[in-house]
Amino acid sequence: NREFNSVTPENEMKIDATEPQQNQFTFGNADRIVNHALGRGMKVRGHTLAWHSQQPGWMQNMSGSALRSAMLNHVTRVATYYRGKIDSWDVVNEAFADGSSGARRDSNLQRTGNDWIEAAFRAARAADPGAKLCYNDYNTDDWTHAKTQAVYNMVRDFKTRGVPIDCVGLQSHFNSGSPYPGNYRTTLSSFAALGVDVQITELDIEGSGTSQATAYRNVVNDCLAVARCTGITVWGIRDTDSWRASGTPLLFDGNGNKKPA
Ligand code: G3I
């Protein structure tokens with residue numbers, strides 16, 4: 001409440017949380033977060049409407065046109081339920097493969113047809129015309145990486161063809177194997193030049209002390225330098241609550257005290 005003006009549910013809006021049985025929607029946990037945020041004038045980032053991971057069992061076992069319809073129904077129902085309350089939605093999460101291929105990630109959703117992503121965006125726009133609609137991914141921070149270029153090409157194509165997309169989320173999980181890249185600002189500004197906002201959506205930087213603080217400063221300065229960089233979300237508050245707790249990657253220690261970062 002003291003430090004943030006936007007909030008994101010880490011797990012509570014995912015498909016397995018909001019539609020545990022097909023066409024039976026449960027919003028209780030997500031609602032608590034949304035109501036807490038809106039009651040204090042905070043924005044909400046919605047995460048996430050369509051993803052290959054954290055699907056409920058019923059969806060994992062579907063394919064083809066039945067899965068496509070179920071996915072679009074999920075997007076429509078959840079985005080409609082939260083219409084007017086969400087600043088930005090991660091409509092589609094992590095749809096590209098890692099490595100040098102630049103290809104889409106194989107998944108049950110991808111196998112419904114290459115147009116599944118744009119179909120999800122069109123459904124989200126129809127359901128909540130006021131929300132900014134984002135494509136969100138990781139390992140898309142380094143401008144030279146094939147995955148970054150592949151996402152860039154998709155967004156450019158969407159803008160050219162009028163597919164409704166407003167923003168690109170860079171998760172930005174940094175560690176020694178995937179460090180903050182010196183060309184990060186180029187990545188942010190290049191996406192922005194396509195006519196979309198960029199948002200840093202899941203920031204965490206493993207490390208400690210001065211070097212961690214420097215990396216956080218670099219990321220924030222890069223965002224501040226790009227007019228269309230419109231938000232920085234850290235993926236947790238205390239180190240002990242992080243999905244990578246052993247890397248102490250967040251801004252507050254396990255006691256809730258501020259770190260140098
Ligand atoms: O809540 C249950 C608990 O009841 C149970 O006892 C326990 C036993 O495993 O599991 C708990 O659920 C876990 C949940 O986090 C809450 O802690 C799940 O197993 C675990 O899989 C889940 O992990 C989440 C992960 O996404 C799943 O893919 C992480 O918290 C969450 O930080 C992480 O977030 C993702 C973003 O959505 C997308 N980008 C990458 C990021 C990191 O993987």
Side-chain angles (χ1 to χ4, degrees), residues 1 3-40 42-62 70-71 73-82 85-95 105 107-109 120 124 128 131-140 167 169-175 199-206 231-252 254 256:
N1 289 346
E3 305 289 347
F4 299 92
N5 60 7
S6 174
V7 68
T8 305
E10 187 172 359
N11 289 301
E12 293 78 2
M13 278 187 182
K14 291 174 179 175
I15 312 172
D16 58 354
T18 51
E19 195 178 355
Q21 305 297 330
Q22 189 169 14
N23 261 314
Q24 292 178 18
F25 292 84
T26 52
F27 295 115
N29 290 338
D31 279 349
R32 285 211 300 283
I33 296 170
V34 170
N35 292 337
H36 180 95
L38 297 183
R40 286 161 179 76
M42 299 179 185
K43 293 177 179 174
V44 179
R45 292 198 87 262
H47 175 82
T48 176
L49 293 171
W51 192 21
H52 69 277
S53 183
Q54 275 179 282
Q55 293 180 358
W58 63 266
M59 186 180 273
Q60 292 174 28
N61 293 326
M62 291 180 88
M71 180 274 287
N73 180 61
H74 181 85
V75 171
T76 298
R77 290 286 299 272
V78 176
T80 299
Y81 179 83
Y82 285 112
K85 296 184 173 179
I86 305 295
D87 181 80
S88 303
W89 263 116
D90 290 334
V91 177
V92 172
N93 194 39
E94 301 177 356
R105 174 194 298 277
S107 71
N108 60 348
L109 292 169
D128 186 355
K132 297 185 197 78
L133 305 182
C134 307
Y135 175 79
N136 192 53
D137 215 327
Y138 67 92
N139 283 349
T140 49
C167 36
L170 305 184
Q171 295 185 9
S172 304
H173 295 293
F174 295 131
N175 53 51
Q199 300 175 351
I200 299 167
T201 53
E202 302 181 19
L203 181 62
D204 48 23
I205 308 176
E206 294 190 38
I232 303 174
T233 298
V234 281
W235 205 237
I237 298 176
R238 299 178 303 188
D239 281 335
T240 42
D241 298 319
S242 168
W243 71 297
R244 285 178 167 169
S246 65
T248 61
L250 295 173
L251 297 173
F252 297 85

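Computed from heavy atoms alone, side chains included, the values below leave out hydrogens, waters and symmetry copies.
- Take R40 and apply the side-chain contact (heavy atoms from CB on, under 4.5 Å) test, not counting sequence neighbours, and it matches N1, H36, M42.
- The salt bridge (charged side-chain N to carboxylate O under 4.0 Å, His left out) search around D128 returns none, not counting sequence neighbours.
- For the ring pair (Phe, Tyr, Trp, His ring centres under 6.0 Å) test, no residue two or more places apart in sequence or in another chain qualifies with Y138.
- One side chain, H173 or E202, offers a donor N or O that lies under 3.5 Å from an acceptor on the other.
- S53 meets the side-chain contact (heavy atoms from CB on, under 4.5 Å) test with W51; sequence neighbours excluded.
- D90 is linked by a salt bridge (charged side-chain N to carboxylate O under 4.0 Å, His left out) to R45, counting only residues two or more places apart in sequence or in another chain.
- Applying the side-chain contact (heavy atoms from CB on, under 4.5 Å) rule to K43 yields the partners S6, D87; only residues at least two apart in sequence or on another chain are considered.
- Scanning for side-chain contact (heavy atoms from CB on, under 4.5 Å) contacts around N61 gives an empty result, with sequence neighbours left out.
- Contacts of N93 classified as side chain to side chain donor-acceptor pair (under 3.5 Å), with partners at least two apart in sequence or in another chain: N136, Q171.
- With sequence neighbours left out, the salt bridge (charged side-chain N to carboxylate O under 4.0 Å, His left out) criterion links R238 to D241.
- Closest non-hydrogen pair, T8 versus H47, comes out as CG2-CB, 3.9 Å.
- Residues that satisfy the ring pair (Phe, Tyr, Trp, His ring centres under 6.0 Å) test with Y82, not counting sequence neighbours, are F27.
- The side chain to side chain donor-acceptor pair (under 3.5 Å) check on R32 picks up N29, with sequence neighbours excluded.
- Sequence neighbours left out, the pairs with a member in residues 3-28 that pass salt bridge (Lys or Arg N to Asp or Glu O under 4.0 Å) are E3-K258.
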